[in-house]
Amino acid sequence: MMTTDFQQFFQSVFEPELLQEINVTGFQKEFMEGDIIIDIADNVKFMPLLISGIIKILREDDDGNELLLYFLEKGNTCAMTLTCCIGNAQSEIRAIAETEVCLIMIPVQKMDEWMAKYKTWRAFVLQSYQNRFMEVLDTVDSIAFLNMDKRLLKYLANKVKISNTNIIESTHQQIADDLNTSRVVISRLLKTLEKQKQVELNRNSIKYLLH
DNA sequence: TCATTAACACGGG
DNA sequence: CCCGTGTTAATGA
């Protein structure tokens, strides 16, 4: 059973026959905030299409430190899943529900079949690759070339952009985890941003005051 | 110079 | 009382 949400969003992207097939083979799955959707070393058997909510994609080092790679929004899919499906490999990333999330799960076998059968599917998959690759490049650039204050601003701006509100409900510790730094640094940088009238600070929330 | 770690005080829920 | 926040001091890259 497919929701109207799904119809509305993907209608413009996929042709009717493909929509029909998705209807038949896909199934809906929901996650609560904080749920792990895909973990590192998981075998990927389904390809998720994001209907609603936001998913955080992150990487982890040997010591268990997490690093945010990018967020997925409505209409996106996980590029890691795509590579895993093709190579029949394990996930290199962890996907966590940033908000409540609604997904359509597509069995991986359908991936190949549809690549040949539907132009729109092919275009969608390639476009997803392209988009995610650019996001990762952007993140790499940030880490390599930007100081933590710029990275923080970019992080805040991005959060504002995807959540459609200028209030970011995070603790300093959560932000520090995402950017793989310490809370002391985030607290100090946020404080200077506040003095510069770029943000307003409250417990558990940050109001972003630019544009 | 700037980040990290540990430690501490403050205050709201 | 617990947790998030703001700050400092010591240490390191």
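We name chains A, B, ... by the order of the sequence lines, and we start the count at 1 in each one.
Salt-bridge formation is detected for the pair A:Glu66/A:Arg94: a Lys NZ or Arg NE/NH1/NH2 atom is positioned less than 4.0 Å from an Asp or Glu carboxylate oxygen.
Scanning both residues, A:Ser170 and A:Ile175, for their nearest heavy atoms gives CB-CG1, 4.0 Å.
Rounded to whole Å, atom P of C:dT5 lies 8 Å from atom CD1 of A:Ile175. If you measure from atom CD1 of A:Ile186 to atom P of C:dG6, you get 12 Å, rounded to the nearest angstrom. Straight-line distance from the CG atom of A:Leu193 to the C1' atom of C:dG6: 15 Å, rounded to whole Å. Between the CG atom of A:Asn180 and the C1' atom of B:dC2 there is a distance of 16 Å, given to the nearest Å. Here C:dG6 presents its C1' atom at 10 Å from NZ of A:Lys195, a figure rounded to the nearest Å. The separation between A:Ile143 atom CD1 and B:dA3 atom C1' is 16 Å, rounded to whole Å. Straight-line distance from the CZ atom of A:Arg188 to the P atom of C:dT5: 16 Å, rounded to whole Å. The nearest whole Å value for the distance from the NE2 atom in A:His172 to the P atom in C:dT7 is 11 Å.
Between A:Gln173 and A:Asp177, the side chains place a donor N or O and an acceptor N or O closer than 3.5 Å (distance only, hydrogens not considered).
Set against C:dG6, B:dT4, C:dG4, the side chain of A:Ser182 has B:dT4 as its closest nucleotide. Checking B:dG11, C:dT7, B:dT4 against the side-chain heavy atoms of A:Arg203 singles out B:dG11 as nearest. Which of C:dT7, C:dT5, B:dA3 sits closest to the side chain of A:Thr171 comes down to C:dT5. Of the candidate nucleotides B:dA3, C:dG6, C:dT8, B:dA3 has the atom nearest to the side chain of A:Thr181. Each of B:dT4, B:dG12, B:dA3 was ranked by its minimum atom distance to the side chain of A:Met148; first place goes to B:dA3. Among the nucleotides C:dG6, B:dA3, B:dG12, the one closest to any side-chain atom of A:Leu201 is C:dG6.
The hydrophobic cluster containing A:Leu193 does not contain A:Val184, counting ILVMFWY residues as joined when their side-chain heavy atoms lie under 4.5 angstrom apart, directly or transitively.
Using cut-offs of 30° and 60° for the angle between ring planes, the A:Phe124 and A:Phe14 rings count as perpendicular.
Between C:dT7 and A:Ser187, no contact under 4.0 Å exists linking OP1 or OP2 to a side-chain N or O.
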